[in-house]
2 protein chains.
Amino acid sequence: MAEIVSAAWEVVREHGLAGLSMRDLGERVGMRAQSIYSYFASKHDIYDAMFLEGYEAFIDWMDSAVDDDEPETDPVGSARLAVRGFVEFCTSDPVRYQLLFQRTIPGFEPSPRSYTVAEDAYERSRRRLAILGVEDQPTLDLWTAMMTGLASQQISNDPGGTRWEKLIDRAVDMLLTDARDHTYTESERA
Amino acid sequence: MAEIVSAAWEVVREHGLAGLSMRDLGERVGMRAQSIYSYFASKHDIYDAMFLEGYEAFIDWMDSAVDDDEPETDPVGSARLAVRGFVEFCTSDPVRYQLLFQRTIPGFEPSPRSYTVAEDAYERSRRRLAILGVEDQPTLDLWTAMMTGLASQQISNDPGGTRWEKLIDRAVDMLLTDARDHTYTESERA
DNA sequence: GTCTATAATCTGATAGAC
DNA sequence: GTCTATCAGATTATAGAC
């Protein structure tokens with residue numbers, strides 16, 4: 001079961017997200033394509049398992065990338081670590097990025113269970129950024145736009161390179177300054 | 001010929017970029033699928049025509065969105081117009097955004113002619129931003145990351161809405177401040 | 001749990017009549 | 001320039017033997 005999902009990742013890394021075929025997949029696990037239906041009811045269900053596994057990997061990755069004890073002593077460093085962690089997670093596996101964060105495979109909807117894990121991952125990221133002062137929704141949206149923009153440009157226009165990765169610290173400084181200004185503005189109103 | 005490409009856009013808007021089939025396309029233009037080969041040598045050539053048409057539309061769109069006489073009297077307003085123009089071009093047709101700015105359809109390489117038009121479009125954008133003070137490559141890269149990030153988040157997480165579009169002016173102010181600071185730093189070194 | 005057989009359908013592309 | 005006929009293969013999925 002885990003072996004099939006692992007082989008499915010191999011296939012989509014070679015042939016693109018839409019290029020997953022049961023024959024190809026079966027060949028890779030030493031089975032006939034039809035035998036896979038003993039494990040998964042449909043191709044859709046395989047995508048769903050990949051989606052779930054991807055978000056679990058994302059949670060683990062971010063937990064490792066960020067030191068949750070340090071944020072209040074060094075908020076700038078913590079923000080840089082978090083954004084760098086996110087961008088590197090995305091660039092380390094472009095097709096996973098596509099499945100998890102873009103809506104590019106038509107007709108695919110994650111199952112309730114998978115969706116719950118995805119929401120948990122978002123909530124963890126939201127909380128982490130909130131500690132760093134990114135508390136309101138518009139500010140958070142601006143951060144996610146910047147983070148996904150860095151990741152997607154790195155993937156599309158300089159795969160394997162560091163052209164956009166190099167801009168992470170500068171982007172974080174910029175975002176933190178912006179967030180501080182907008183927090184002042186709000187507290188002044190109070 | 002133009003009618004076929006137009007119908008091809010219809011198909012991919014309904015079935016996704018990878019979901020273009022010759023039979024489906026033929027049906028839509030009142031032809032047998034095989035007759036399309038009198039106009040295009042392959043399905044690949046149809047994607048290429050769409051790619052070309054997309055970049056021509058991008059050039060026209062940006063020419064309309066930005067007033068090239070005003071940038072020196074009102075750089076902030078001009079920058080806002082340019083970024084807003086870009087994001088609205090992307091969100092107005094997500095699948096076109098996918099074909100033009102992401103590398104999501106495996107095996108597709110634009111023809112030399114189409115690629116030339118794409119490069120022309122990039123060069124025009126580069127020049128426009130240079131007038132606004134975005135002259136060095138890293139700063140330009142930061143802008144493209146922010147712009148594509150706003151567009152892709154709007155498309156993926158709030159299709160049809162304005163959640164990220166609303167952040168454009170704030171993002172531009174943030175980027176302009178950052179660009180100004182980094183220009184100062186460089187001229188101080190001289 | 002894996003196999004064979006097969007259904008039912010789709011795919012891009014070519015040959016040749018008209 | 002559009003058609004019919006067709007190739008040669010792909011696709012997901014099901015039924016039933018072992």
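Residue numbers begin at 1 in each chain, while the letters A, B, ... track the order of the sequences. None of the values given here were measured: they were computed from a predicted structure.
- Here the shortest heavy-atom pairing between B/A145 and A/Q153 reads CA-CG, 3.8 Å.
- Here A/F51 and A/Y47 keep their ring centres 6.0 angstrom or further from each other.
- Both tests do not hold together for A/R32 against A/Y37: distance to the six-membered ring centre under 6.0 Å, angle to the ring axis within 45°.
- Note on B/S35: every side-chain N or O is 4.0 Å or more away from OP1 and OP2 of D/dG1.
- The nearest whole Å value for the distance from the CD1 atom in A/I36 to the P atom in D/dT11 is 12 Å.
- Side-chain nitrogen and oxygen atoms of B/Y37 include none within less than 4.0 Å of the OP1 or OP2 phosphate oxygen of C/dA15.
- B/T139 and A/R170 form a side-chain donor-acceptor contact under 3.5 Å, judged by distance and modelled atom types alone.
- Counted by atom type alone, B/Q102 and A/S152 present zero donor-acceptor pairs between their side chains at under 3.5 Å.
- A/K43 has its NZ atom 17 Å from the C1' atom of D/dT14, to the nearest Å.
- Residues A/S114 and A/S111 bring a donor and an acceptor atom of their side chains to less than 3.5 Å of each other.
- Whole-Å rounding puts the A/H44 NE2 to D/dA13 C1' distance at 15 Å.
- Listed by residue number, the members of residues 11-34 of chain A with any heavy atom below 4.0 angstrom from DNA chain C are A/M31, A/R32, A/Q34.
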